[in-house]
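Here's the structure we're looking at; comments come further down.
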Amino acid sequence: MEIMTGSCRFGLWHVHVAWKGDLVHHLRFAREGIDGPVPDVIRQYCAGKPVDPVSLRSIATAGDTVSAAIYRAVRSVPYGETATYGEIALRVGTSPRAVGGAMARNPTPLVVPCHRIVAQGGIGGFSPAVEIKEALLRMEARERGKGGLNRSSPHSF
DNA sequence: CCAGGCTTGGAGG
DNA sequence: CCTCCAAGCCTGG
């Protein structure tokens with residue numbers, strides 16, 4: 001099977017995905033859409049269903065680099081919940097700043113839910129636009145509130 | 001090698 | 001409460 005590319009809609013944005021089976025190679029938000037399929041989970045998630053794209057695999061978590069460890073830690077933050085840059089840093093054994101850097105270069109947002117990582121005193125940043133992060137967090141908070149997913153199960157580090 | 005980043009926490013006004 | 005500042009550390013160029 002070859003690597004597939006396609007996009008689906010999320011609000012005013014288009015989510016481009018390059019993937020093969022359950023492995024996502026690349027994912028990005030763009031203004032324009034492209035032809036082609038995206039994984040069902042991504043499509044459903046973007047449509048507002050409380051499914052977690054983390055169920056897919058990401059190339060970003062492979063290897064024993066610090067970044068890969070950061071991405072793996074970020075993947076353990078459940079749908080509808082958030083963690084701070086500092087908490088992830090503490091867990092991986094690096095600095096909050098390094099976590100921010102890794103999030104900024106995350107090749108597969110959603111699959112590695114970097115939008116769930118916020119600053120201690122605010123929402124933190126998001127490329128290419130922080131509005132996307134706000135929309136994703138609002139959507140997850142809303143869907144979680146509906147109770148379609150096991151809620152309020154505080155994950156401990 | 002070095003600038004710079006999606007951070008923090010502490011100091012000082 | 002708010003601004004300012006540097007410690008801290010990984011990575012692309």
Side-chain angles (χ1 to χ4, degrees), chain A residues 3 5 7-20 23-34 38-39 41-48 50-145 149 151 154-157:
Chain A
I3 289 186
T5 58
S7 74
C8 68
R9 197 71 175 292
F10 176 71
L12 301 172
W13 297 81
H14 292 272
V15 180
H16 291 212
V17 191
W19 55 293
K20 179 178 177 181
L23 180 64
V24 178
H25 290 242
H26 215 68
L27 187 155
R28 71 191 182 89
F29 289 86
R31 297 293 188 179
E32 305 293 323
I34 58 175
V38 302
V41 185
I42 298 289
R43 188 174 296 287
Q44 290 165 13
Y45 177 84
C46 289
V51 292
D52 201 343
V54 161
S55 58
L56 294 168
R57 290 184 301 131
S58 165
I59 53 164
T61 57
D64 62 347
T65 61
V66 174
S67 294
I70 291 173
Y71 294 135
R72 284 192 291 272
V74 171
R75 277 169 62 83
S76 72
V77 180
Y79 186 105
E81 292 184 35
T82 60
T84 65
Y85 296 100
E87 288 171 336
I88 298 299
L90 185 65
R91 197 169 146 198
V92 174
T94 184
S95 75
R97 206 73 190 282
V99 174
M103 296 305 95
R105 297 186 307 274
N106 180 11
T108 61
L110 302 190
V111 180
V112 171
C114 59
H115 60 283
R116 293 174 194 157
I117 309 306
V118 299
Q120 204 169 229
I123 193 174
F126 195 82
S127 310
V130 74
E131 301 88 82
I132 297 174
K133 188 174 186 176
E134 294 170 339
L136 291 170
L137 291 176
R138 274 201 309 275
M139 178 181 82
E140 292 195 4
R142 178 164 50 73
E143 289 305 313
R144 179 190 53 182
L149 200 94
R151 54 190 141 146
H155 64 295
S156 54
F157 283 122

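- A donor-acceptor contact under 3.5 angstrom links the side chains of A:S76 and A:R91, judged on distance only.
- Among C:dT11, C:dG8, B:dC6, the nucleotide with an atom closest to any side-chain atom of A:R105 is C:dT11.
- In this structure, A:R97 atom CZ and C:dC9 atom P are separated by 12 Å, rounded to whole Å.
- In this structure, CG of A:L90 is placed 14 Å from C1' of B:dT7, rounded to the nearest angstrom.
- For A:A104, the side-chain atoms get nearest to B:dC6 when compared with the rest of B:dC6, C:dC9, C:dG12.
- Rounded to whole Å, the distance from CZ on A:R116 to C1' on B:dC6 is 17 Å.
- Annotation: side chain of A:Q120 is not in contact with side chain of A:P96 (no heavy-atom distance under 4.5 Å).
- A straight line from CD of A:Q120 to P of B:dC6 spans 18 Å, rounded to a whole angstrom.
- Distance CD1 (A:I70) to P (C:dC10): 8 Å, rounded to an integer number of Å.
- Under the Watson-Crick or G-U wobble criterion, with both distances below 3.5 Å, C:dG12 is paired with B:dC2.
- Applying the 4.0 Å criterion to OP1 and OP2 of C:dC9, one finds that A:T94 has every side-chain N and O outside that range.
- Between the CE atom of A:M103 and the C1' atom of B:dG5 there is a distance of 12 Å, given to the nearest Å.
- A straight line from CG of A:L110 to C1' of B:dC6 spans 15 Å, rounded to a whole angstrom.
- A donor-acceptor contact shorter than 3.5 Å links the side chain of A:R9 to the backbone of A:G11.
- Within the 4.0 angstrom heavy-atom criterion, base atoms lie near A:S127.
- Atom CD1 of A:I34 sits in a crowded spot, with more than 12 heavy atoms from other residues, nucleotides or ligands closer than 6.0 Å.
- Residue A:S67 has its side chain nearest to C:dC10 when only B:dC6, B:dT8, C:dC10 are considered.
- Judged by distance alone, the side chain of A:Y71 and the main-chain N or O of A:A102 form a donor-acceptor pair under 3.5 Å.
- The side chain of A:F126 lies closest to B:dC6, out of B:dC6, B:dT7, C:dT11.
- Base pairing of C:dT3: its partner is B:dA11, meeting the Watson-Crick or G-U wobble criterion (both donor-acceptor distances under 3.5 Å).
- Across all strands shown, A:G86 has heavy atoms under 4.0 Å from sugar-phosphate atoms exclusively, and none from any base.
- As rounded to whole Å, 17 Å separates atom P of B:dC6 from atom CG of A:L136.
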